[in-house]
Amino acid sequence: MSPKGIFDILPKESKSEEAWKESFRWQYLEEVMRSSAKIYGFQEIRTPIFEKTELFVRGVGDSSDIVSKEMYTFFDKGERSMTLRPEGTASVMRAIVQHKLFHPAKYFYMGPMFRYERPQAGRFRQHHQFGAEAVGFASPEQDVEAIDLLVHIYRRLGLKNLTVMINSLGDGDSLTSFKEALHVYLTSHLAQLSEESRVRFSKNILRILDSKETSDRQCLEGAPSILDYLSESSKDHFEKVKHLLSKMGIHFVVNPKLVRGLDYYNKTVFEVVSHELGAQNSIGGGGRYDGLIDHLGGPDLPAFGFATGLERVLQAMQGQHVYFPEPSAPLVFFIPLGQEAREKSFELVSTLRHHGVVAELDLSGKKIQHGLQVAQAQNAKYCIVMGEREIQEGKVELKEMRSRTTETVSLQGLTDKLLVNK
Ligand code: HAM
């Protein structure tokens, strides 16, 4: 059995509620993501699955849940502390600093991330993200371009009922004064806060804002709003982001309690929520992180990015019954009877494949009925039963599986005939 919270991606799932795991759905989703990234000018970057632990401690922040509770950390044989990446942004910024990729740049990535969380619907210990990071511009267009890319992907996939939530965390000084005000407010409500929020009160007070506990939510009703503490430049930035989003036709909801779970953000943060997904309803999110590259030893470059979880997108797609293209099925399936027919079928299948046709044959040596069942299960369009007689006469019956109609075709002309139908 595989460890808790991880799963295999198989061509076919036996349980219909697990259909979102089927590999052809992942391939389709990945293709839509890749091609959309290309349209928006983002190039692929692939960073390693593990990094030095200190990268995530510095990058994501040690007061975040990810770093303090959820990392898969191990010592390698050289006694160095390594961590399976819990997210992609820190690694991409590390690569940018290491390779001095300091010109304005736009990167995307796709791959597994690892977080030791309590598994539940939509929450896994290995999950997959598609992420995009744009580096080099402090202007609001950079925020909106990335949000637009994510929304474009969801729209292309046919997802509906999504809400884009946005907020601004402001910049250094305004955030500090807001945290102070929140501290003062919550000091008088400490007794009503949940246990987890009481821990966060001293460790990471902002995270109390997005607590889902009813008692916390009630407590927060009269709390100060971060938007009242923004500096002039942050306020201006946020207004422009909202203006541009409206111009792009992206409907959004301002949520002053949205703070996100990673420590590197400033100014704009956003999250896309799907109403089909229950508790783990955030399918994507991100924001601006202007100080991170500097913090990791590079120059002071502004940046904005997001990531979306492939599992949650696939689950939302399944929940909304949106379209998935059919997995590729054989155009033709051969059922050979006897050694000579087996060789001839093998040769024909190989020739067809060389011409780019999906072709299969039954190598089991079992009866015709078995071959027909396999052809049907594989959703083959045509089927050919080939025995000694067919080889002697130089012709076969090409049977269309769905209509059950047959047509006699010469062995010589078979490849051409099938290529026309490719
Ligand atoms: P994040 O919100 O932690 O952001 O993760 C991004 C997305 O990954 C989430 O919206 C969710 O869909 C998915 N996800 C996260 N954890 C799990 C899990 N345990 N199981 C299933 N899906 C999960 C980041 O990781 C940031 N690096 C995003 C970013 C990029 N910000 C700026 N640039």
Side-chain angles (χ1 to χ4, degrees), residues 4-7 20-21 29 33 37 42 45 47 51 55-56 59-61 64-67 69-72 84-96 105-135 142-143 145-147 149-150 153-154 159 162-167 169 207 210 258-274 276-293 302-317:
K4 214 170 141 185
I6 65 173
F7 60 90
W20 61 270
K21 289 184 184 163
L29 175 61
M33 289 173 159
F42 285 74
I45 182 164
T47 60
E51 300 268 1
L55 172 69
F56 301 114
V60 180
S64 66
D65 283 355
I66 295 179
V67 170
K69 301 192 211 156
E70 297 168 359
M71 294 209 298
Y72 277 90
L84 298 184
R85 63 180 186 194
E87 61 105 50
T89 313
S91 304
V92 175
M93 295 310 123
R94 193 261 314 131
I96 285 178
K106 299 194 283 188
Y107 298 109
F108 82 89
Y109 51 88
M110 198 144 37
M113 307 290 162
F114 306 86
R115 296 183 189 178
Y116 190 80
E117 294 188 85
R118 197 168 42 79
Q120 62 180 82
R123 193 156 77 185
F124 304 93
R125 290 187 171 166
Q126 172 179 285
H127 72 278
H128 298 75
Q129 288 186 4
F130 165 83
E133 316 288 352
V135 173
Q142 196 173 50
D143 311 28
E145 180 188 52
I147 299 174
L149 165 58
L150 185 59
I153 290 171
Y154 295 150
L159 280 171
L162 302 178
T163 303
V164 178
M165 292 194 301
I166 62 164
N167 190 21
L169 300 182
R207 286 305 308 279
D210 64 8
L258 177 70
V259 290
R260 312 255 315 125
L262 305 96
D263 289 355
Y264 45 61
Y265 294 115
N266 67 314
K267 292 193 177 157
T268 320
V269 286
F270 81 103
E271 221 157 86
V272 184
V273 172
S274 161
E276 263 85 19
L277 286 184
Q280 301 306 314
N281 63 359
S282 168
I283 59 170
R288 182 162 279 286
Y289 50 94
D290 292 339
L292 184 57
I293 300 176
F304 189 99
F306 68 78
T308 176
L310 272 66
E311 287 79 2
R312 292 193 194 164
V313 173
L314 287 163
Q315 284 179 313
M317 288 171 75

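Whatever order the structure lists them in is the order used to number ligands and atoms, beginning at 1. In what follows, residues are counted from 1 in the order of the sequence shown.
- Checking only distances, Leu262 never comes within under 3.5 Å of ligand 1, N or O to N or O.
- Ligand 1 is approached by Arg312 to a heavy-atom distance shorter than 4.0 Å.
- Taking the centre and axis of the six-membered ring of Tyr265, the NZ or CZ atom of Arg288 falls outside the cone set by 45° and 6.0 Å.
- Taking a 6.0 Å sphere around OH of Tyr72, one finds it holds more than 12 heavy atoms contributed by other residues, nucleotides or ligands.
- The protein non-hydrogen atom at the shortest distance from atom 31 (N) of ligand 1 is Tyr265 OH, 2.6 Å.
- For atom 13 (C) of ligand 1, the closest non-hydrogen atom on the protein side is Gly309 CA, 3.7 Å.
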Apply the test salt bridge (Lys or Arg N to Asp or Glu O under 4.0 Å) to residues Glu117 and Arg125: give CA-CA distance (whole Å), side-chain angles for both, the deciding distance (0.1 Å), then the verdict. CA-CA 6 Å; Glu117 294 188 85; Arg125 290 187 171 166; over 6 Å; no

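- In this comparison of Gln129, His128, His127, the heavy atom closest to atom 6 (C) of ligand 1 sits on Gln129.
- In the vicinity of Gly284, heavy-atom distances shorter than 4.0 Å reach the ligand 1 atoms 10 (O).
- With hydrogens and angles left out, the side-chain atoms of Ser64 and Asp263 include no donor and acceptor closer than 3.5 Å.
- Between Glu51 and Arg85 there is no salt bridge, since none of the side-chain N atoms of the basic residue sits less than 4.0 Å from a carboxylate O of the acidic one.
- The N/O atoms of Glu311, backbone and side chain alike, include none that comes under 3.5 Å of an N/O atom in ligand 1.
- For atom 26 (C) of ligand 1, the nearest non-hydrogen atom of the protein is Tyr264 OH, 3.3 Å.
- The shortest contact between atom 19 (N) of ligand 1 and any protein heavy atom is with Glu117 OE2, 2.6 Å.
- In the model, Gln315 has no side-chain atom that pairs as donor or acceptor with a side-chain atom of Arg312 under 3.5 Å.
- Not a single N or O atom of Arg123, backbone or side chain, sits closer than 3.5 Å to an N or O atom of ligand 1.
- Counting protein heavy atoms only, atom 20 (N) of ligand 1 is closest to Phe124 N, 3.0 Å.
- Here the heavy atom of the protein found nearest to atom 9 (C) of ligand 1 is Ser282 O, 4.0 Å.
- Lys106 and Glu145 are joined by a salt bridge, as a carboxylate oxygen and a charged side-chain nitrogen come within less than 4.0 angstrom of each other.
- If you check which protein heavy atom lies closest to atom 33 (N) of ligand 1, you get Glu133 OE1, 2.8 Å.
- For Gly131, the heavy-atom gap to ligand 1 stays at 4.0 angstrom or more.
- Put simply, the residue from Asp65, Ile66, Leu55, Thr89 that forms a side-chain contact (heavy atoms from CB on, under 4.5 Å) with Val60 is Ile66.
- When only interatomic distances are considered, the shortest N/O to N/O separation between Ile283 and ligand 1 falls below 3.5 Å.
- Atom numbering of ligand 1 starts at 1 in the shown order; those under 4.0 Å from a heavy atom of Gly122 are 20 (N), 21 (C), 22 (N).
- When only modelled atom types and interatomic distance are considered, Tyr154 and Thr308 share a side-chain donor-acceptor pair under 3.5 Å.
- Considering both main-chain and side-chain atoms, Thr89 comes within under 3.5 Å of ligand 1 through a nitrogen or oxygen pair.
- Looking from atom 1 (P) of ligand 1 to the surrounding protein, the closest heavy atom is Arg260 NH2, 3.5 Å.
- You'll find the ring centres of Phe130 and Tyr109 outside the 6.0 Å limit.
- Centroid-to-centroid, the aromatic rings of Tyr289 and Phe304 stay 6.0 Å apart or farther.
- For ligand 1, the atoms lying closer than 4.0 Å to a non-hydrogen atom of Glu87 are 25 (O), 26 (C), 27 (N).
- Every N/O-N/O distance between Gly286 and ligand 1 stays at or above 3.5 Å.
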